[in-house]
> 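Sharing a structure here in structure tokens format.
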Protein chains: 2
Amino acid sequence: MRPDDLNYRHLLYFWAVAKEGSITRAAERLGLSVQTISTQLGQLERQLGQALFAPQGRSLKLTEAGRTALAHAEQIFQIGERLRQALSEGTHTRPRFAVGVTDAVPKLFAFRLLESVLRPPLAVRLECIEGEFEHLLGELALNRLDLVVADRSAPQRANLKLHSHLLCNVGISLFGSTELHKRCAGNFPHSLAAAPLLLPARSNPLRGAIDAWLETHELRPDIVGEFTDSALLKTFGRAGLGLFPAPASMREDIAAQFGAVPVGPLQGVSESWYAIATQRRVQHPAIAIVQAAGGKQLAGD
Amino acid sequence: MRPDDLNYRHLLYFWAVAKEGSITRAAERLGLSVQTISTQLGQLERQLGQALFAPQGRSLKLTEAGRTALAHAEQIFQIGERLRQALSEGTHTRPRFAVGVTDAVPKLFAFRLLESVLRPPLAVRLECIEGEFEHLLGELALNRLDLVVADRSAPQRANLKLHSHLLCNVGISLFGSTELHKRCAGNFPHSLAAAPLLLPARSNPLRGAIDAWLETHELRPDIVGEFTDSALLKTFGRAGLGLFPAPASMREDIAAQFGAVPVGPLQGVSESWYAIATQRRVQHPAIAIVQAAGGKQLAGD
DNA sequence: GCGTATCTTCCAGAAAATGGAAACGTATTA
DNA sequence: TAATACGTTTCCATTTTCTGGAAGATACGC
């Protein structure tokens, strides 16, 4: 490699830093130490003969040259990622559509959202990945995912151009087996005082809203379980181990699949689901379909 | 860097090998040893999990996966090169147009070919590079040049998609100072038997044609100098040190600039100039202008 | 001011790239 | 058929580059 050739490893680190907005976060995402990134970044700047970042307080800000570099790097690594995928998936006829879904999103909702992209005219090969919200956003940034469906919108980070599209906002009720319903339906919500409850984990935005709701109603129910995965939560609910929160509008599905009925509404508590994508010149055609499907479910409520 | 990330250095070497058609040539161009390239290529294939090349006799042939990889690599390194240039040239308003010109091309011809791109509507910043034919083709392959003007067309190498456009074909005469003209113009070409001659170097295609012409006429003139640079050759000619070959149609220019007049035509000897470009989706707009300018000079002859 | 968060510099150990030597396989030539 | 030329691959010691611990510099918030 000639000395004046671009060092693509350095460029990759630069790209990560630019998108994450800080060396520290980029180092985390790349699984490297900050010194390493800082050093390589310095080498890249020295080689290019100009600064890509300017110190901005205790963090960094892209220079004009940096913006140019970022725009090019974005393209380069997008193509690189496509190459990696093209070679790893062999010669499938169906185009790939990779979606990350956080645990908290009801499987049925995700299913209805995504089922249509499998059918013509798109007929993609759907690749579904579950995982931590932050991890999924990382994969999105690396162009390894086309879309993330989550129960929260994306934090706005500098240069990481994410677009969060609200798919659906639903009111939440507590559901329970018929037995629990018998015990708790009367005098709701005061009947909850001694009721067993299955709740989302604290990392889940819905959990915060439910905790606040319990607070206002001065209720101290017996929290018997916490889950990140909404399906697992409902499976425990099906066994009658506790009341669990779920979208009021999914009453029928929950009755059919989990044998549970609404015990009472959590007034003012709602859950939102978002489709999060990177802003690209050419969006994956399946994204529009998914967004439309989200809108339909919203209208159906 | 994650272990399953693309190694862009390896990809660069693969790209060079694919375009050059052999590891040996790629190693030469990159200034590395064959073992190095071979090793890295092997690593890339192992990491991707499939062969990019298949042995074909004692050389290599792209596999289907290799063709996919090449197409992507081509884009990646083209963008990388644009980035390098965008950053090195700062914020010029004029778009860059980089042309390689081999020594053998008369400067005046090159000038007439290229002058129009400096003027509106294109108004590019012209970057002229002289050098060995092979070296210039290398720069072209690396996308560091947009066009090469040379006295020969490009050899057809596998995967190195070059397009040679014939600009001009001109008949050659021998020119000389008025003094030499006096000595040699009578009884041409037999008068050449004892005449001092300034000729292009043996690497030049025109030289082959001239040698053949001398052979057929059974002439053994006194070759006093060999030059790769046609301008330097003519400068010696101007000093009266020998007769020199030049396009018959440039008579007036040569009289004005080098004080030399035609002594006699080399029947059947001609020189061609070519504009050589890589085949891209979007050609540099200046290339069309240059090709048109070449056509005009041809018409004028 | 003091603790904390962030980037940078220095340096030694770890990892990767590199090329010399030689083996191997295939085409060309005698 | 053998000899030769050409091109790739493998082995391995050397060189270069990358990496992260430690410590220093600078900015922000309380």
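Lettering follows sequence order; numbering is per chain, from 1. As the structure is a prediction and not an experimental result, all values here were calculated from the model.
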> Whole angstrom is fine here: how far is it from CD in Q40(B) over to C1' in dT9(D)?
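So the two atoms are 14 Å apart, to the nearest Å.
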> Between atom OH in Y13(A) and atom C1' in dG20(D), what is the gap in whole Å?
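After rounding, the reported distance stands at 12 Å.
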> Mind grabbing the angle between the end helix axes of the helix from dG1(C)-dC30(D) to dA30(C)-dT1(D)? Five pairs an end, 10° rounding.
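Computed angle between terminal axes is 30°.
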> For dT17(D), take OP1 and OP2 only and decide whether either is under 4.0 Å from a side-chain N or O of N7(A).
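False: N7(A) side-chain N/O out of range (4.0 Å or more) of dT17(D) OP1/OP2.
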> Which salt bridge (charged side-chain N to carboxylate O under 4.0 Å, His left out) pairs, counting each pair once, include a residue from residues 68-81 of chain A, with sequence neighbours left out?
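Passing the test, one end in residues 68-81 of chain A: K19(A)-E74(A), E81(A)-R84(A), E81(A)-R144(A).
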> Which parts of nucleotides 6-11 of chain C does protein reach within less than 4.0 Å, heavy atoms only, written one letter per nucleotide 5' to 3' as B for base, S for sugar-phosphate only and - for none?
SSBB--
> Take atom NZ of K61(B) and atom C1' of dT26(C), then tell me their distance rounded to the nearest Å.
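It is 16 Å, rounded to the nearest whole Å.
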> Compile the donor-acceptor pairs under 3.5 Å between side chains in residues 271-278 of chain B and protein atoms, sequence neighbours left out, one pair per line.
from, atom 1, to, atom 2, distance (Å)
S272(B), OG, N169(B), ND2, 2.7

> Just the rounded figure in Å: distance from C1' of dT9(D) to CZ of R46(B).
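For the pair R46(B) CZ and dT9(D) C1', the rounded distance is 12 Å.
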> Could you pull out all residues at least two apart from S33(B) that satisfy side-chain hydrogen bond (donor to acceptor under 3.5 Å, both in side chains)?
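So S33(B) forms a side-chain hydrogen bond (donor to acceptor under 3.5 Å, both in side chains) with Q35(B), T36(B).
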> Any salt bridge linking R67(B) with E64(B)? Criterion: basic side-chain nitrogen under 4.0 Å from a carboxylate oxygen.
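Yes.
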> For H10(B) and dA16(C), what is the distance between atoms NE2 and P respectively, to the nearest whole Å?
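After rounding, the gap between these two atoms is 9 Å.
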> Can you tell me how the ring of Y8(B) sits relative to the ring of F77(A), calling it parallel under 30°, perpendicular over 60° and tilted otherwise?
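Because their plane-to-plane angle is over 60°, the rings of Y8(B) and F77(A) count as perpendicular.
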> Report the distance from atom CZ of R9(B) to atom P of dT17(D), rounded to the nearest whole Å.
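Whole-Å distance recorded here is 8 Å.
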> Measuring from R25(A):CZ to L30(A):CG, what's the distance to the nearest 0.5 Å?
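R25(A) atom CZ to L30(A) atom CG measures 13.0 Å (nearest 0.5 Å).
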> At under 4.0 Å between heavy atoms, what does Q43(B) touch on the DNA or RNA strands: base, sugar-phosphate, or nothing?
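Sugar-phosphate, backbone atoms only, no base.
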> Pairing donors with acceptors under 3.5 angstrom, does anything connect the side chains of Q40(B) and H10(B)?
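Side chains of Q40(B) and H10(B): pair found under 3.5 Å.
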> Ignoring backbone atoms, test whether S33(B) places a side-chain nitrogen or oxygen under 4.0 Å from the OP1 or OP2 oxygen of dG19(C).
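Yes, such a contact exists.
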> How many angstroms lie between CD in E20(B) and CD in E28(B), if you round to the nearest 0.5 Å?
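E20(B) CD to E28(B) CD: 8.5 Å, rounded to 0.5 Å.
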> Whole-Å distance between dT17(D) P and L12(A) CG?
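To the nearest whole Å, that distance equals 19 Å.
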> State which residues pass side-chain hydrogen bond (donor to acceptor under 3.5 Å, both in side chains) with R82(B); sequence neighbours excluded, sorted by chain then number.
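For R82(B), no residue satisfies side-chain hydrogen bond (donor to acceptor under 3.5 Å, both in side chains) once neighbours in sequence are set aside.
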> Could you tell me how far apart E28(B) (CD) and dT8(D) (C1') are, to the nearest whole angstrom?
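Nearest whole value for this atom pair: 15 Å.
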> At under 4.0 Å, does any side-chain N or O of T36(B) touch on OP1 or OP2 of dA17(C)?
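Answer is no, no contact under 4.0 Å.
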